[in-house]
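All remarks here apply to the structure that follows.
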There are 2 protein chains.
Amino acid sequence: MSLPTPGKPVRGSKSGNHLMALFDLLGRSWSMGIIWRLHEGSCTFRVLQERCESISPTTLNKRLKELTQAFLIERTVDGYALTNKGKDIFLLLKPLESWAKDWAKNFKTDE
Amino acid sequence: MSLPTPGKPVRGSKSGNHLMALFDLLGRSWSMGIIWRLHEGSCTFRVLQERCESISPTTLNKRLKELTQAFLIERTVDGYALTNKGKDIFLLLKPLESWAKDWAKNFKTDE
DNA sequence: AGCTTTGCTATCAATAACGTAGCAAAAAAA
DNA sequence: TTTTTTTGCTACGTTATTGATAGCAAAGCT
């Protein structure tokens with residue numbers, strides 16, 4: 001799968017609407033998780049893999065390339081790191097955390 | 001694939017961290033797009049399919065079931081609709097829109 | 001009753017993700 | 001400098017997800 005690029009057809013928008021392009025990128029397995037885990041600090045491929053708990057190297061590598069091409073991740077002396085844009089996205093995702101905590105309550109009494 | 005449920009193993013967390021469960025749910029193809037489009041107003045299956053521009057009925061149906069089970073969508077006399085929780089998520093996703101607009105500029109001069 | 005719209009399901013093809021092994025390059029140790 | 005570790009992947013075969021298209025049963029109109 002190629003990089004979802006604003007202006008080119010993406011999932012959800014034939015004309016490449018920028019938001020749909022972003023949804024296409026972030027809506028791939030592990031994308032948001034990788035950004036979240038990387039915010040804990042820059043790290044090597046293998047450490048990141050451990051932080052993710054169960055991601056395969058194939059997929060991790062693929063996502064890293066995509067997110068790098070999308071300007072969200074870069075490689076530094078410390079390994080993989082969030083760029084400023086990557087940190088932006090993290091901040092936008094952050095509110096989901098406390099919301100998720102509340103949302104999770106709905107499942108607790110079930111089943 | 002079954003519904004990512006907080007407390008049960010999900011992508012990114014063997015113990016079922018609530019945020020990772022949410023990422024697992026939203027990080028499936030079309031999930032965020034569906035929520036986004038539904039915010040335009042409740043509608044029928046086929047209209048929603050059109051709004052999404054190119055989603056297959058198979059996938060749409062699957063996502064609708066998942067999002068319904070996850071309390072984000074419900075069925076009303078007007079067809080499919082966002083629940084209050086669904087609207088919450090929409091509001092959390094909303095800031096991504098203007099950010100994406102800015103982000104898109106990075107691609108314009110490329111290629 | 002006949003025609004349309006709606007909400008799907010069935011089926012098969014294509015693509016993405018996984019799991020595991022392991023290799024080549026770089027870094028660290030001896 | 002040789003050996004050992006660590007690192008960042010790639011290869012490969014399997015499973016899971018997504019997609020495309022056709023079309024049917026139920027409900028609603030006329």
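Excluded from the calculations below are hydrogen atoms, water molecules and symmetry mates; all remaining heavy atoms, backbone and side chain alike, are included. Per chain, numbering begins at 1; letters A, B, ... match sequence-line order.
Residue K65(A) has no polar side-chain atom (N or O) positioned under 4.0 Å from OP1 or OP2 of dG8(D). At the phosphate of dG8(D), neither OP1 nor OP2 sits under 4.0 Å from any side-chain N or O atom of N61(A).
Here the straight-line distance linking atom SG of C52(B) with atom CG of L38(B) works out to 8.0 Å at 0.5 Å rounding. Rounded to the nearest 0.5 Å, atoms CG (D88(A)) and CG (L93(A)) are 11.0 Å apart. Here the CD1 atom belonging to I55(A) is positioned 7.5 Å from the CZ atom belonging to R63(A), to the nearest 0.5 angstrom. Distance check: R75(A) CZ to T44(A) OG1 gives 9.5 Å after rounding to the nearest 0.5 Å. In this structure, CG on D24(A) lies 4.5 Å from CZ on R28(A), to the nearest 0.5 angstrom. Between atom CG of residue N17(B) and atom CH2 of residue W36(A) there is a gap of 9.0 Å, rounded to the nearest 0.5 Å.
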Should K94(B) and E97(B) be marked as a salt bridge (Lys or Arg N to Asp or Glu O under 4.0 Å) after you check the CA-CA gap, both sets of side-chain angles, and the distance that decides it?
CA-CA 6 Å; K94(B) 194 149 195 228; E97(B) 189 178 29; 5.6 Å; no
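Only T44(A), F45(A), R46(A), listed by number, bring a heavy atom of residues 43-52 of chain A to less than 4.0 angstrom from any atom of DNA chain D.
Regarding L64(A), its CG atom lies at a distance of 15 Å from the C1' atom of dT10(D), rounded to whole Å. The CG atom of L60(B) sits 18 Å away from the P atom of dT17(D) (whole-angstrom rounding).
Between L92(A) and P95(B), the shortest heavy-atom distance links the atoms CD2-CB, 3.7 Å.
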Protein within reach of the bases, or only the backbone? For nucleotides 11-19 of chain C, mark each nucleotide 5' to 3' as B, S or -, using heavy atoms under 4.0 Å.
-----SSSB
